[in-house]
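Down below is the structure, laid out as structure tokens.
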Amino acid sequence: MQRVTVDGIIRMKGERRKIAVITAYDYTMARICDRAGVDIILVGDSAAMVMLGYRSTTPITMEEMLVFCRAVANAREHAMIVADMPFMSYQVSVEDAVYNACRFIKEAGADAVKVEGGAEVKRTVRAMVDAGIPVMGHIGLKPQTAHLWQGYRVQGRTCMDAARLVGDARAIEEAGAFSIVLEQVTHEAAEAITSMLRIPTIGIGSGPACDGQVLVLHDMLGLYDNSPRFAKRYANMADAVLDALIRYRDDVLGSRFPGEEHTFHMDGHELSRFRAWMDSGKEGGDAG
Ligand code: KIV
């Protein structure tokens, strides 16, 4: 299967072909996502919550994100891999941002990076693009800092707020980003931004008008307890895993596992020698 490219993603918008994006953080799940034919695997900093158990995405580090990204890159044959730049990897200076973005490409096998922010990160996005790195923007609800300000609230409910989002989207496109995530933006604002931009919008909780959609893998598989309302659940994997584990524990306690089919044997000749040696009382010495 052919690799998905930046040009390919932009072309999909022109062809009105919707873009399917999913998060993943490890080799095994990324292999399944890739086989399913999704266009982009986002190694999201949502890993902080679903993989590491933090209450927000803020604490995850560059080093942790690099490990998750490397594992996903090792699994990929088809999808584009976008690495989420964690908090503090691009806020302190433009030089830091370019350096850390390069690490995702060079050390972790990513094809592109994602940063949260609108007009305030325009210079940073431009510098990363100038360094040759494709960038995905992310506006609307920005989970890295939302909890420090207004909390996890839907964005673009008022005219003023929707106009601010339009300005942010324009700034990110002008900076050279190849796509932009709209998180928890009202349908009306998302629709206006999508029709205004040349680059594709990828929605999460932002309605059906976006050019593509992204979900957190653990939300859609039913593996995470605190999934948001907008995340459609396609499976209830937590119950399936729990059921399997309870049956495993019961089998071990009831001596039903391992069975004959899971057990290895010595051949008859070696077994006779071994038994004779054990009977000779020399088990402290050489069996030669
Ligand atoms: O970290 C993440 O998974 C994300 C998506 C929710 C867009 O940024």
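Note that ligands are numbered from 1 as they come in the structure, with each ligand's atoms numbered from 1 the same way.
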Ion pair Arg126/Asp130, N-O distance below 4.0 Å: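 A salt bridge links Arg126 with Asp130.
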side-chain hydrogen bond (donor to acceptor under 3.5 Å, both in side chains) contacts touching residues 148-158 (sequence neighbours left out): Gln155-Arg164
Salt bridge (charged side-chain N to carboxylate O under 4.0 Å, His left out) contacts in which one or both residues fall within residues 222-232, not counting sequence neighbours: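 Checked against salt bridge (charged side-chain N to carboxylate O under 4.0 Å, His left out) - neighbours excluded - no pair reaches residues 222-232.
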Tyr25 versus Thr23, side-chain donor and acceptor atoms under 3.5 Å: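 Per modelled atom types, Thr23 and Tyr25 side chains form a pair under 3.5 Å.
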Other ILVMFWY residues reachable from Met160 by side-chain steps of under 4.5 Å: none
Can you pull every nitrogen or oxygen pair between ligand 1 and the protein closer than 3.5 angstrom?
{"from": "ligand 1", "atom 1": "1 (O)", "to": "Asp45", "atom 2": "N", "distance (Å)": "3.1"}
{"from": "ligand 1", "atom 1": "1 (O)", "to": "Asp45", "atom 2": "OD1", "distance (Å)": "2.9"}
{"from": "ligand 1", "atom 1": "1 (O)", "to": "Ser46", "atom 2": "N", "distance (Å)": "3.0"}
{"from": "ligand 1", "atom 1": "1 (O)", "to": "Ser46", "atom 2": "OG", "distance (Å)": "3.3"}
{"from": "ligand 1", "atom 1": "1 (O)", "to": "Asp84", "atom 2": "OD2", "distance (Å)": "3.1"}
{"from": "ligand 1", "atom 1": "3 (O)", "to": "Ser46", "atom 2": "OG", "distance (Å)": "2.5"}
{"from": "ligand 1", "atom 1": "8 (O)", "to": "Asp84", "atom 2": "OD2", "distance (Å)": "3.4"}
{"from": "ligand 1", "atom 1": "8 (O)", "to": "Lys114", "atom 2": "NZ", "distance (Å)": "2.9"}

Within-4.5 Å side-chain heavy-atom neighbours: Glu174 and Lys122: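 In short, these two side chains touch, coming nearer than 4.5 Å.
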